[in-house]
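Here the structure comes first, spelled out in C-alpha cells, and everything after it is commentary.
Every chain is numbered from 1 and lettered A, B, ... according to where its sequence line falls, protein lines coming before strand lines. Values in this document were obtained by computation on a predicted structure and should not be read as measured data.
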There are 2 protein chains.
Amino acid sequence: MVKTEFSPIADTTRRAEIVALLRRAILTGQLEPGQKLNELRISEQMRVSRAPLREAMRELVQEGILTSIPYAGTFVIDVTAKDIDDAYSLNKVLDEFAIEQTWPQRDRRFFDELDRRHEAVKQATRDLDTTRQIESALQLHGLIYEWADNSVLLETWQRLISRLQMYFALHQQARNEPVPAEDVHETYVRLLKGTDMRAAQRHAREHINLDFEQLLSYARSLEQRPSKGA
Amino acid sequence: MVKTEFSPIADTTRRAEIVALLRRAILTGQLEPGQKLNELRISEQMRVSRAPLREAMRELVQEGILTSIPYAGTFVIDVTAKDIDDAYSLNKVLDEFAIEQTWPQRDRRFFDELDRRHEAVKQATRDLDTTRQIESALQLHGLIYEWADNSVLLETWQRLISRLQMYFALHQQARNEPVPAEDVHETYVRLLKGTDMRAAQRHAREHINLDFEQLLSYARSLEQRPSKGA
DNA sequence: TCTTGTTAGATTGTCGACAATCTGATTGTC
DNA sequence: GACAATCAGATTGTCGACAATCTAACAAGA
C-alpha cells in the first residue's frame, strides 16, 4: 500500500481570500502606513459584501498590521523607529532560542530545505524581484523557527515577521536601488550546517544587525519629516 | 489651570463587550477546551445578532484561544502537554529578556506598583478566590513586561498569558484544592527590588519552573485518559 | 473673532434573511 | 447485512438594508 500524504485543502471562504489579498497589499507596501481602509469601497472593488471583509479586517487587526478605532475606521499601522527597534531586539532573542532548539534536530531534510530556500533567495536576487527577495529571505530565516518544534514560538515569529516584511518592503520601495548582488546569506547557511552553535547564534545576531541598521536609519529619516497623513 | 489627565473612553461597540465576555468565559474555564461555540445559541443568549459575535470570535481565533474550521465551527483550543511545554520554555526566554530590559528602568513607581500587585495576590489568597489569585499573580508577573518599554514584547507576553491563564484555571478547577497559603512570590519581589539582576533572572526561571511542573503533570494525566469530546 | 449649536453627508456598527455546506439518518439496492 | 445514494435538519457563510456615530461645514450668538 502506497502511503500518500495529502495536504489540507484550501480554505474556500471569501473571508480567507480577503485576508490573503489584504495582507499581501499591506506587506508589499501597496497600502501605505496610516492609510484608512474604506469598507464600502474595498467591498465593491472585491465584489463581496462588507460582512466577510470586516471579519477579515478583524483578523488583521489582531495580527498586528491593522489598527481599528470604533466608528472612525481601520488603518494600516504606522511604522515608527521605536517599533522597528522593539521588533529587532526581540527578534535577536528569539533567534538565539530558535537556533538552540533547532540545533539537535537538524537532519538531512533540514539541510536540503535550507539549500532550497537559499537558492530561492539567490534566484529572486538574479531576477531583481525585490518583493520576492524579501519574502524568500524571510522564509530562509524562518526555517529555524519551523524546525524548533515549538508552536508558540513559531506563531510569535510569524507575527513579528509580518511587520518586518512590511518595514523591509517600504524601505526597498523608498530607496529604490537595485538589490544587493552579493550573497549575504552564504555565511548564515554555512554556519547552520556546521558544528559550532554559538558561532551560528552570534552570526545571526550580527547579520540581522546589519539589515536593521539600514531600516532604522530609514525609519528615523521618515520621522524627521512626518507626513501629513493620507 | 489644573492639568487633568483623561484616559481614553471605553469601547462602546457590542463587539468589544462580546470579546471581553467570551475571553473571560474561556480563561476561567467556564467554556471547556474543545467545546464548540454555537453562534445562534450564543447570540440569542447575549441578545445580539451574529455579525458582531462572529467578528468577536475572529479576534479570539487570532488571539490563539479559539480555533476555527470553515463550515464546521469555532472551538475552544485544546490543551496538550506539548502546548504547555512550548509556552513554558518560551516564557523562560522572554522573562530573562524582560528583566534585562526593565532592570535599568526600575524607579520608585515601579517598586510601588510591584508592591501593589503583590498585595493583590496576597489578598486574593486570603479570600480563597482562586480565579482572582491566578489573575493577580499573572498581573504581578506581567509588570516586568509592561516596564520593559517594548510594545512587541508586551504583545507577545499577553498572547502567551492568555493560554497560561486558561491552563492554570483548568488545573485549579481540576484538583479542587485550597490554594497554597504560603507566599511564593515573596522572593521574586525581593529580588526584583535588589541589585543582582542575574539572581532575579535565575529565580524567575526556577520559580516558574515549579508552577509549570504541576501544570505539566496535570496535562499529561489528561492525555492518558483522553475525553470523548463535548 | 471666537465659541457654540445645528445639520447634512459619509462611514461604521448591527440586524434579519437567504445561500452554501456539513452531518446524520433513512432508504434502496446488491 | 453491507454499502451507496438521497434527503432533511442544523449550522456556518454571505448578503443587502437600516441604525448609530462621526466629521466637517455652516449659522447664530456673545
Side-chain angles (χ1 to χ4, degrees), chain A residues 6 8-23 25-26 31-32 34-63 65-78 227-230, chain B residues 1 4 6-23 25-26 31-32 34-63 65-78 228-230:
Chain A
F6 290 104
I9 64 169
D11 287 343
T12 52
T13 59
R14 298 195 195 291
R15 182 181 68 240
E17 291 195 44
I18 296 172
V19 166
L21 270 176
L22 282 180
R23 185 189 289 121
I26 296 167
L31 291 170
E32 295 176 11
Q35 188 172 341
K36 178 175 176 178
L37 303 188
N38 185 308
E39 296 178 1
L40 194 59
R41 193 163 61 230
I42 294 179
S43 68
E44 283 171 352
Q45 288 174 355
M46 291 188 180
R47 309 283 176 81
V48 295
S49 76
R50 285 173 54 224
L53 172 63
R54 282 174 58 87
E55 290 183 15
M57 286 165 93
R58 281 311 128 210
E59 292 192 22
L60 295 176
V61 166
Q62 282 314 99
E63 207 173 298
I65 60 180
L66 289 181
T67 174
S68 158
I69 304 174
Y71 290 107
T74 305
F75 309 82
V76 179
I77 56 166
D78 269 317
S227 72
K228 293 267 182 80
Chain B
M1 177 164 127
T4 47
F6 291 104
S7 52
I9 65 170
D11 286 342
T12 51
T13 58
R14 298 196 196 290
R15 182 182 66 239
E17 291 196 43
I18 297 171
V19 166
L21 270 176
L22 281 181
R23 184 189 288 123
I26 296 168
L31 291 171
E32 294 175 12
Q35 188 173 340
K36 178 174 178 178
L37 303 188
N38 185 309
E39 296 178 2
L40 194 59
R41 192 163 64 229
I42 294 179
S43 68
E44 282 170 354
Q45 289 174 354
M46 292 189 180
R47 310 283 178 83
V48 295
S49 75
R50 285 173 53 223
L53 172 63
R54 283 174 58 88
E55 290 183 16
M57 286 164 93
R58 281 312 126 210
E59 291 191 23
L60 295 176
V61 166
Q62 281 315 98
E63 208 172 299
I65 60 180
L66 290 181
T67 175
S68 160
I69 303 174
Y71 290 107
T74 306
F75 309 81
V76 179
I77 56 165
D78 269 316
K228 293 269 183 77

**Prompt:** Where along nucleotides 11-23 of chain C does protein come under 4.0 Å, by heavy atom, of base (B) or sugar-phosphate alone (S), with - for untouched nucleotides?
**Reply:** SBBBB-B---SS-
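Across every strand in view, dA28(D) sits in a pair with dT3(C) that passes the Watson-Crick or G-U test at under 3.5 angstrom.
Using a cut-off of 4.0 Å between Lys/Arg side-chain N and Asp/Glu carboxylate O, Arg23(A) and Glu59(A) are scored as not salt-bridged.
The interatomic distance linking Phe75(A) (CZ) with dC22(D) (C1') rounds to 11 Å, in whole Å.
Between Leu31(A) and Leu37(A), the closest side-chain pair of non-hydrogen atoms falls below 4.5 Å. Side-chain contact between Leu22(B) and Met46(B) is present, with at least one heavy-atom pair separated by less than 4.5 Å.
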**Request:** Just do the side chain to side chain contact (heavy atoms under 4.5 Å, CB included) check on Glu32(A) and Val76(A) with the steps written out, would you?
**Result:** CA-CA 7 Å; Glu32(A) 295 176 11; Val76(A) 179; over 6 Å; no
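Interatomic distance, Lys36(A) NZ to Thr74(A) OG1, rounded to the nearest 0.5 Å: 8.5 Å.
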